[in-house]
Amino acid sequence: MRERLSPILAPYRRQRGALIPVLQKVQEELGYLPEEAVSEIAFFLGLSESEVYGVASFYAQFRFERQGEHTVKVCQGTACYVRGGRRILELVKRELGIEPGETTEDYGFSLERIACFGSCALAPVMVVNKTVYGRMTTAKARKTLALYRREPQVDG
Ligand code: FES
């Protein structure tokens, strides 16, 4: 971990005020903030681990659990909700077998519920990674998820 993070952390040695940008860069590199990374960050910036956790857990953008390869966000804002967003979320939960805030066992997908994605004209909206899928139906949502599923392993 130290080797992997050194190039990111080196310019910030003992710069306590740089905690947020450092957390962002480390999360960009690793996808989340594992315990080992938090202790490296604390060591480099001259903070305690609990100070780092205290700040990081205040911001919703930071994650302490490994995320799935793909992040599926289903909008539950008013425009999406009244146009069937709830059915889309139910379908995605069923298809992936997880609740919002969870990640599938194979780390293929993480699921999030969002309040408004700012694309209300396309309601109901579902976002996979950075791609926005609008005017969703349950059939379209199922097909969209299929695009991101890992190919099953074929034995021998
Ligand atoms: S309510 Fe869903 S994008 Fe605005």
Side-chain angles (χ1 to χ4, degrees), residues 1 4-5 7-9 12 16-38 40-42 45 47 49-153:
M1 183 62 70
R4 194 158 169 202
L5 296 185
I8 300 174
L9 297 176
Y12 299 101
R16 295 159 156 250
L19 179 56
I20 305 264
V22 166
L23 288 168
Q24 284 167 334
K25 284 184 188 197
V26 171
Q27 182 162 284
E28 231 167 73
E29 169 70 21
L30 305 175
Y32 72 116
L33 300 168
E35 238 177 278
E36 290 166 275
V38 169
E40 280 301 305
I41 293 169
L45 299 186
L47 295 162
E49 286 182 28
S50 57
E51 285 172 303
V52 176
Y53 275 117
V55 171
S57 50
F58 183 75
Y59 295 93
Q61 63 176 298
F62 297 120
R63 306 173 188 293
F64 303 104
E65 307 285 337
R66 180 176 159 192
Q67 297 297 292
E69 188 182 340
H70 305 294
T71 302
V72 181
K73 298 175 183 165
V74 183
C75 186
Q76 300 294 284
T78 310
C80 288
Y81 193 85
V82 300
R83 290 189 202 146
R86 193 173 58 87
R87 281 199 305 278
I88 307 299
L89 181 61
E90 289 305 319
L91 179 279
V92 175
K93 278 165 49 174
R94 235 183 7 257
E95 286 280 313
L96 300 181
I98 53 174
E99 293 292 319
E102 293 180 350
T103 296
T104 55
E105 269 179 21
D106 66 355
Y107 293 102
F109 293 91
S110 294
L111 175 59
E112 289 176 23
R113 178 206 322 251
I114 46 175
C116 174
F117 197 73
S119 303
C120 307
L122 298 176
V125 168
M126 168 169 134
V127 183
V128 184
N129 305 328
K130 291 189 173 150
T131 308
V132 180
Y133 296 91
R135 308 218 164 81
M136 272 289 134
T137 60
T138 49
K140 263 170 88 174
R142 189 178 289 122
K143 278 191 197 150
T144 305
L145 290 177
L147 297 174
Y148 293 89
R149 283 190 199 277
R150 290 187 185 137
E151 293 297 317
Q153 298 295 313

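We count ligands from 1, going down the list as the structure has it; atoms in each ligand are counted the same way.
- Side-chain atoms of Ser119 never come within 3.5 Å of backbone atoms of Leu122 as a donor-acceptor pair (strictly under, hydrogens ignored).
- Among residues at least two apart or in separate chains, ring-ring contact (aromatic ring centres under 6.0 Å, His included) pairs with a member in residues 88-110 are His70-Phe109.
- Residue-and-atom listing of protein N/O/S atoms under 2.8 Å from atom 2 (Fe) of ligand 1, sorted by chain and number: Cys75 SG, Cys80 SG.
- The main-chain N or O of Gln24 is never found under 3.5 Å from a side-chain atom of Gln27 such that the two would form a donor-acceptor pair.
- A donor-acceptor pair under 3.5 Å links the side-chain atoms of Ser110 to the main chain of Gly68, judged by distance alone.
- With hydrogens and angles disregarded, a donor-acceptor distance shorter than 3.5 Å links the side chain of Lys140 to the backbone of Arg135.
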Audit row: Asp106, Thr104, side-chain hydrogen bond (donor to acceptor under 3.5 Å, both in side chains) steps and yes/no: CA-CA 5 Å; Asp106 66 355; Thr104 55; 2.7 Å; yes
